[in-house]
Chemist: 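Have a look at this one before I ask anything.
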Amino acid sequence: MNRENTDSRKNTLREIFEKELVEFLDTSNDLREFMPEQRIVCVDLEWNHNETDILPPEIVRPPQNLPKNILNTFERHLWYSRHNISDIYLLKFPVDGQDAFFFIISGHCHDSWDNSCLLVEILDEQGESLGSGDILYRWEEGHIKWMDRQLDGRDYYKTAPPWDGYLPPEDYSYRNWVIPIFWSEE
């Protein structure tokens, strides 16, 4: 696919996703309810009754027949989720006859923790990144602040250390000014 077609596909996917999300957010804030029939992956975290400990998460991992970059992107987001407490959803749906993949990340915010972010990362049918975005609140201008790069730990409200095996950009700064909360699958 040439550059012009790639840019056109990227813009089409961004527009479709943003339209669907805005319509959904007009009626609900629970991203677990967003396009459940398209969801192929999820990491749902729940706090115990006193909201100081995280219960074992519900994890539905991606099928291994997906492109390697999509599997790697899931592992990267799983790394960040363990360091900054966020849910992960991966949606797969066809747009113009080709599959597109949308990672949605929803940070947790509680009395003991604040990671109140909503993020998205888009990949094409081969698993190539088409950018990412910060899903803004409805009262702000626009709905998603798009970036032409993959998400990393800096994009979360609570930054996370660089993902293992991932060389962070030169300007990466990790603010570890609070004692982090970690979760594990055990």
Side-chain angles (χ1 to χ4, degrees), residues 1 3-46 60 62 66 69-70 73-74 76-81 83-110 113-160 163 169 171-173 175:
M1 190 180 290
R3 178 77 176 160
E4 186 176 309
N5 288 345
T6 300
D7 287 345
S8 175
R9 177 97 171 130
K10 173 178 70 175
N11 292 332
T12 298
L13 292 174
R14 287 178 177 185
E15 287 172 16
I16 289 170
F17 177 81
E18 190 162 352
K19 179 182 179 292
E20 292 287 334
L21 184 67
V22 168
E23 287 177 8
F24 173 79
L25 290 175
D26 282 342
T27 61
S28 177
N29 288 333
D30 187 357
L31 285 174
R32 288 178 281 207
E33 297 174 6
F34 182 60
M35 297 184 155
E37 63 281 355
Q38 267 64 38
R39 186 176 316 127
I40 60 172
V41 169
C42 78
V43 175
D44 271 327
L45 304 175
E46 297 289 332
V60 175
L66 292 177
N69 195 46
I70 293 173
T73 300
F74 171 76
R76 178 169 39 92
H77 288 304
L78 191 62
W79 166 267
Y80 294 137
S81 174
H83 288 84
N84 62 24
I85 316 302
S86 53
D87 295 327
I88 304 167
Y89 306 102
L90 174 59
L91 308 176
K92 173 186 172 184
F93 61 94
V95 176
D96 298 332
Q98 295 180 318
D99 288 331
F101 298 89
F102 300 85
F103 279 94
I104 302 170
I105 294 89
S106 177
H108 283 241
C109 183
H110 292 286
W113 187 255
D114 187 358
N115 182 36
S116 58
C117 64
L118 288 174
L119 305 168
V120 62
E121 189 164 333
I122 301 176
L123 297 101
D124 68 13
E125 58 280 351
Q126 285 90 32
E128 295 301 314
S129 175
L130 297 176
S132 61
D134 184 358
I135 302 168
L136 304 172
Y137 295 97
R138 289 182 287 246
W139 60 82
E140 295 185 31
E141 188 74 27
H143 295 284
I144 299 178
K145 179 182 173 189
W146 292 104
M147 302 175 281
D148 288 323
R149 65 172 177 81
Q150 294 179 322
L151 294 171
D152 62 38
R154 300 172 296 175
D155 297 309
Y156 295 83
Y157 188 76
K158 291 288 188 203
T159 59
W163 176 48
D171 63 346
Y172 192 98
S173 65
R175 299 180 313 272

Chemist: Between L123 and F102, is there a side-chain heavy-atom distance shorter than 4.5 Å?
Modeler: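 The answer is no, as the side chains (C-beta and beyond) never meet within the 4.5 Å cut-off.
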Chemist: Do the side chains of W146 and D134 get nearer than 4.5 Å, heavy atoms only?
Modeler: no
Chemist: Whether K92 and E37 form a salt bridge (side-chain N of Lys/Arg under 4.0 Å from carboxylate O of Asp/Glu) is what I want to check.
Modeler: no
Chemist: Hey, could you give me the CD1/NZ distance between I122 and K10, rounded to the nearest 0.5 Å?
Modeler: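 Going from CD1 on I122 over to NZ on K10, the span is 10.0 Å.
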Chemist: Check whether any side-chain heavy atom of T6 lies under 4.5 Å from a side-chain heavy atom of L130, and answer yes or no.
Modeler: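 Counting from C-beta outward, T6 and L130 do come under 4.5 Å.
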Chemist: Do D87 and V43 come within less than 4.5 Å of each other through their side chains, counting heavy atoms only?
Modeler: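 No - every pair of side-chain heavy atoms lies 4.5 Å or more apart.
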Chemist: Just wondering, do I104 and L31 contact through their side chains at under 4.5 Å, heavy atoms?
Modeler: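 L31 vs I104: side chains touch.
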Chemist: To the nearest 0.5 Å, what is the distance between CD1 (I144) and CD (E18)?
Modeler: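 CD of E18 is found 4.0 Å from CD1 of I144.
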Chemist: Considering only heavy atoms from C-beta outward, does the side chain of D155 approach that of R149 to under 4.5 Å?
Modeler: yes
Chemist: Grab the two heavy atoms, one from S81 and one from L45, that are nearest each other, plus how far apart they are.
Modeler: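 Of all heavy-atom pairs spanning S81 and L45, the closest is OG-CD1, 3.8 Å.
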Chemist: Which atoms form the tightest heavy-atom contact between L13 and A100, and what is the distance?
Modeler: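 Minimum heavy-atom separation between L13 and A100: CD2-CB, 3.5 Å.
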Chemist: How far apart are the closest heavy atoms of Q150 and T73, and which atoms are they?
Modeler: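 Closest approach of Q150 to T73, heavy atoms only: NE2-OG1, 4.3 Å.
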Chemist: Any side-chain donor-acceptor pair under 3.5 Å between D44 and Y89?
Modeler: yes
Chemist: Considering non-hydrogen atoms only, spot the tightest contact between L90 and L66 and give its length.
Modeler: CD2-CD1, 4.4 Å
Chemist: Salt-bridged, E46 to R32, with N to O below 4.0 Å?
Modeler: yes
Chemist: Using 30° and 60° as the class limits, which term best fits the ring planes of F17 and F34: parallel, tilted or perpendicular?
Modeler: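 The arrangement is perpendicular - the two ring planes meet at more than 60°.
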Chemist: If the threshold is 4.0 Å, N to carboxylate O, is there a salt bridge linking R9 and E125?
Modeler: yes
Chemist: Under a 4.0 Å threshold between the charged nitrogen and the carboxylate oxygen, would R14 count as salt-bridged to D148?
Modeler: yes
Chemist: Which heavy atom in I40 sits nearest to a heavy atom in F101, and how many Å separate them?
Modeler: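 Closest pair (atom of I40, atom of F101, distance): CD1-CE2, 4.1 Å.
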Chemist: Side chains of F24 and M35: closer than 4.5 Å at any heavy-atom pair?
Modeler: no
Chemist: Evaluate whether atom CD of E4 has more than 12 neighbouring non-hydrogen atoms of other residues, nucleotides or ligands under 6.0 angstrom away.
Modeler: no
Chemist: To the nearest 0.5 Å, how far apart are NE2 in H77 and OH in Y80?
Modeler: 8.0 Å
Chemist: For L118 and S106, which heavy atoms make the closest approach, and how far apart are they?
Modeler: CD2-OG, 3.5 Å
Chemist: List the steps and the verdict of salt bridge (charged side-chain N to carboxylate O under 4.0 Å, His left out) for K19 and E23.
Modeler: CA-CA 6 Å; K19 179 182 179 292; E23 287 177 8; 2.8 Å; yes
Chemist: Indicate yes or no: at least one non-hydrogen side-chain atom of F103 is less than 4.5 angstrom from one of F74.
Modeler: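 Yes, side chains in contact.
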